[in-house]
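The next block holds one structure in the form of structure tokens; read it before the comments.
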Amino acid sequence: YQAVRIKSILRKALETGSAVDLSFPITDENRTLALIMMEWPEVVEAALKNYTPHSLCDHVYRLANAFSSYYGNVHILSEPDTRLRAHRLGLCDAILRQIT
């Protein structure tokens with residue numbers, strides 16, 4: 001569900017001409033997401049080494065849940081500050097790449 005939500009956000013951003021900045025700064029509001037995303041290389045390595053593909057699913061589930069909380073607490077498309085909106089859209093794009 002979160003992948004569909006993010007795709008919709010990014011599609012609407014593209015339609016309105018909103019910029020997407022993939023170099024988002026880590027802030028208090030997105031720190032949890034950033035920390036979970038940074039675990040990805042280790043999760044993949046452990047899944048391959050230990051033959052535990054379910055750990056990839058666990059990671060994606062945790063990231064999707066964290067995004068759901070983030071989405072409920074911040075404005076993304078309706079953010080009036082264009083630079084902050086671009087950073088949040090970049091974060092959305094990065095999350096989408098990791099969960100799909």
Problem set entry | I76 to C92 - nearest heavy-atom pair and separation | CD1-SG, 3.8 Å
Exercise. If you round to the nearest 0.5 Å, how far is CZ of R62 from CD1 of I36?
Worked result: 5.0 Å
Exercise. Does a side-chain heavy-atom distance below 4.5 Å link T32 with Y70?
Worked result: no
Exercise. When you look at L77 and L89, which way does the side chain to side chain contact (heavy atoms under 4.5 Å, CB included) test go after all the steps?
Worked result: CA-CA 8 Å; L77 287 173; L89 289 168; 4.1 Å; yes
Exercise. Between atom CG of N65 and atom CG of L33, what is the distance when rounded to the nearest 0.5 Å?
Worked result: 11.0 Å
Exercise. Between the side chain of T100 and the main-chain N/O of L96, is any donor-acceptor distance below 3.5 Å?
Worked result: yes
For this session: Apply side chain to side chain contact (heavy atoms under 4.5 Å, CB included) to F67 and I6, showing your working.
Result: CA-CA 9 Å; F67 178 77; I6 294 170; 3.6 Å; yes
Exercise. Is there a path from Y71 to L84 through hydrophobic residues (I, L, V, M, F, W, Y) whose side chains come within less than 4.5 Å of each other?
Worked result: no
Problem set entry | Nearest-0.5 Å distance that lies between atom CG in L35 and atom CD1 in I26 | 7.0 Å
Problem set entry | ILVMFWY network linking V74 to I9, side-chain heavy atoms under 4.5 angstrom | yes
For this session: Looking only at non-hydrogen atoms, find the nearest pair between A94 and M37 and report the distance.
Result: CB-CE, 3.4 Å
Exercise. Can you check side chain to side chain contact (heavy atoms under 4.5 Å, CB included) on R85 and T82, steps first, answer last?
Worked result: CA-CA 5 Å; R85 182 173 58 237; T82 56; 3.1 Å; yes
For this session: Applying salt bridge (Lys or Arg N to Asp or Glu O under 4.0 Å), name anything that partners R83, two or more places apart in sequence or on another chain.
Result: none
For this session: For L63 and W40, run side chain to side chain contact (heavy atoms under 4.5 Å, CB included): C-alpha distance rounded to whole Å, both residues' side-chain angles, the deciding distance at 0.1 Å, then the answer.
Result: CA-CA 10 Å; L63 184 56; W40 182 245; over 6 Å; no
Exercise. Does T27 reach the side chain of R31, with side-chain heavy atoms less than 4.5 Å apart?
Worked result: no
Seminar exercise, completed: Across all chains, not counting sequence neighbours, the side-chain hydrogen bond (donor to acceptor under 3.5 Å, both in side chains) partners of Y51 are none
Exercise. Mind checking whether I95 and L22 sit in one hydrophobic cluster, side chains of I, L, V, M, F, W, Y counted as touching below 4.5 Å?
Worked result: yes
Seminar exercise, completed: In short, S68 meets Q2 closest at the heavy-atom pair CB-NE2, 3.7 Å
Seminar exercise, completed: salt bridge (Lys or Arg N to Asp or Glu O under 4.0 Å) pairs touching residues 6-21, sequence neighbours excluded, are R11-E15
Exercise. When rounded to the nearest 0.5 angstrom, what distance separates CE in M38 from CD in Q98?
Worked result: 11.0 Å
For this session: Drop me the distance from S78's OG to R88's CZ, to the nearest 0.5 angstrom.
Result: 8.5 Å
Exercise. At what distance, to the nearest 0.5 angstrom, does CG of D93 lie from CZ of F24?
Worked result: 10.0 Å
